[in-house]
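Take a look at the structure set out below.
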Amino acid sequence: MLRTQFWKQFFEEAGDISRFTGRLFSQWFKPRYEITEFLRQCFIIGYKSLPLVMLTAFIMGLVLTMQIRPFLVDYGVESQLPAMVGIAIVREIGPVITALIFAGKIGSSIGAELGSMKVTEQIDAMEVSGTNPFKYLVVTRVLAATFTLPLLVLLGDAVALYGTYLGVNMSGVTSFDLFWTKVFRNLSFGDVLPAFVKSFFFGFAVGIVGCFKGYNSQKGTEGVGRSANSAVVLSSILIFIIDLIAVQVTDVLGLN
Amino acid sequence: MGITKNKEESARTLKQGEQVLMVRNLYKSFGNHKVLIDFSFSLHSGENVVVLGKSGSGKSVLIKCIIGLLKPDSGSIEVLGESIPELSDDELDQIRMKIGFLFQSNALYDSLTVRQNLEFPLRRHSIRLTQAEVDQLVKDALEDVGLAYTINMTPAELSGGMRKRVALARTLILKPSIILYDEPTTGLDPITSKEIIELIKDVQQKYQAASLIISHDMNCVRMVADRVIMLIEGRNYAEGKYDELIKTNDPLIKAFFE
């Protein structure tokens, strides 16, 4: 009985999100274009996430290097440390960790903001004021999340690699030039491109889930908290599912 | 100035006592729950009509159907001669410029200042105004509600009564022919409630607009209403002047006035 109820809710929600996404695409290219609001959201979503993304990326690069080094020392291939950590960061850890941080910060913020606008009738007020609230609130936020996350991933990767450089130099001496040479010699276009492309999908998932949860928020202030929370949970799960699919696709395309 | 022209045009076309809103045989339900059942009434220029009913009786649903935020299941809603359920988005936008809506929760945008909140409908509706005209309209609207000094504050810095006044200023900024008030005194202390009621009366005198007020505050009903409509069990149960309704022996109506 409980299992039936779970699957019923699951398919209902999947259907609702699909309809919501369909509505997004149907409004995406139609005028009026909310350019100013889109740019404002890029600033809020992208620029204001930058410090958190940079900090976590730096620590991630440093810690990863310190954790891997002992194993490489045991096998006598310590010199491969920059290349190994570099590939791990660029191909997988950088995009996924940045996307998860992004889901935690931006997914919850969008869910809570739209949820609170919904329960305090601000979305209705917007519609009465001659504004298509779906276009103004949802389309701009989803687009901003989709296009800013890949940039954050690129910057995050760079900072994580700098953390790696410091980590490498904590127990040895490797010049700045030699470190980057070792990293880039082992990186190919096939490593960077799939990671960059999948981060667009991560950004889209975070944006659409946050907006869906917030826009359909119910039951007053309690519902706002629930929207924010479920936006983070669902978008984090989606990030891993997209990652899984991306690995299969790149494998099929021979980019692995 | 664009707005002034609109106001002048509407003043030319709307005569005192002319019908501005007509609702006929309106039905609205959510799932199996019937909220409005065969509801009919009309509103005329220059008059204040209060729709009185219990919480959850469908008052807000009625007002949201009128402004086009909800679609009725059946029945007709005509605002200034236009059938609301049949209008396209652009046509609805045009007619909404002539309707002011004061939301129960004020619905001020938290992330914007008072000035930006008031500018929002001016900039979003299809009206061409210069910055000087926008500034003047914002200033006038805030002066009308006595809160010109709050122009650069955010809603979070205002008290409940002040937020209601700012929301009313935003409602008035397009100088509407019809003003819809959704429970304007709910959640306010008696003194602030009285101030808001006085403000509604002042607005009525200044703009000569038709007002539809949704309320269950009997003070508001007594002080403002030219006509009262009793919304009971989704129907227009009774209609008349406050003094007439207060004398009735019908137990459902008496329950409100006792």
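Values below: every heavy atom of this structure, side chains too, minus hydrogens, waters and symmetry copies.
- Atoms OG and CZ, from A:Ser129 and B:Arg96 in turn, are 9.0 Å apart once rounded to the nearest 0.5 Å.
- A donor atom on one side chain and an acceptor atom on the other are found under 3.5 Å apart for A:Thr131 and B:Arg124.
- The pair A:Glu127-B:Lys64 does not count as a salt bridge, with every side-chain nitrogen at least 4.0 angstrom from each carboxylate oxygen.
- Other residues, nucleotides and ligands place more than 12 heavy atoms under 6.0 Å from the OH atom of A:Tyr215.
- Looking at B:Leu92, there are no atoms closer than 4.5 Å to chain A (heavy atoms on both sides), in backbone or side chain.
- Only the side chain of B:Phe101 comes within contact range of chain A, with heavy atoms under 4.5 Å apart.
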* To do: Apply side-chain contact (heavy atoms from CB on, under 4.5 Å) to A:Gln122 and B:Asp110, showing your working.
  => CA-CA 9 Å; A:Gln122 291 176 49; B:Asp110 299 326; 3.1 Å; yes
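- Looking at A:Val128 and B:Leu69, their side chains come closer than 4.5 Å, going by heavy atoms from C-beta outward.
- Panel note: side chain B:Tyr109, backbone A:Met117; no donor-acceptor pair is recorded below 3.5 Å.
- Neither the backbone nor the side chain of B:Asp90 has a heavy atom closer than 4.5 Å to any heavy atom of chain A.
- More than 12 heavy-atom neighbours from other residues, nucleotides or ligands sit within 6.0 angstrom of CG on B:Asp189.
- More than 12 heavy atoms of other residues, nucleotides or ligands lie within 6.0 Å of CZ in B:Phe30, so this atom counts as buried by the packing criterion.
- Taking CG of A:Asp124 as the reference point, atom CG of B:Leu70 lies at 7.5 Å (rounded to 0.5 Å).
- A:Glu121 and B:Asn106 share no donor-acceptor pair across their side chains, judged by distance under 3.5 Å alone.
- Counting heavy-atom neighbours within 6.0 Å of A:Phe25 CZ, excluding the residue itself, gives a total above 12.
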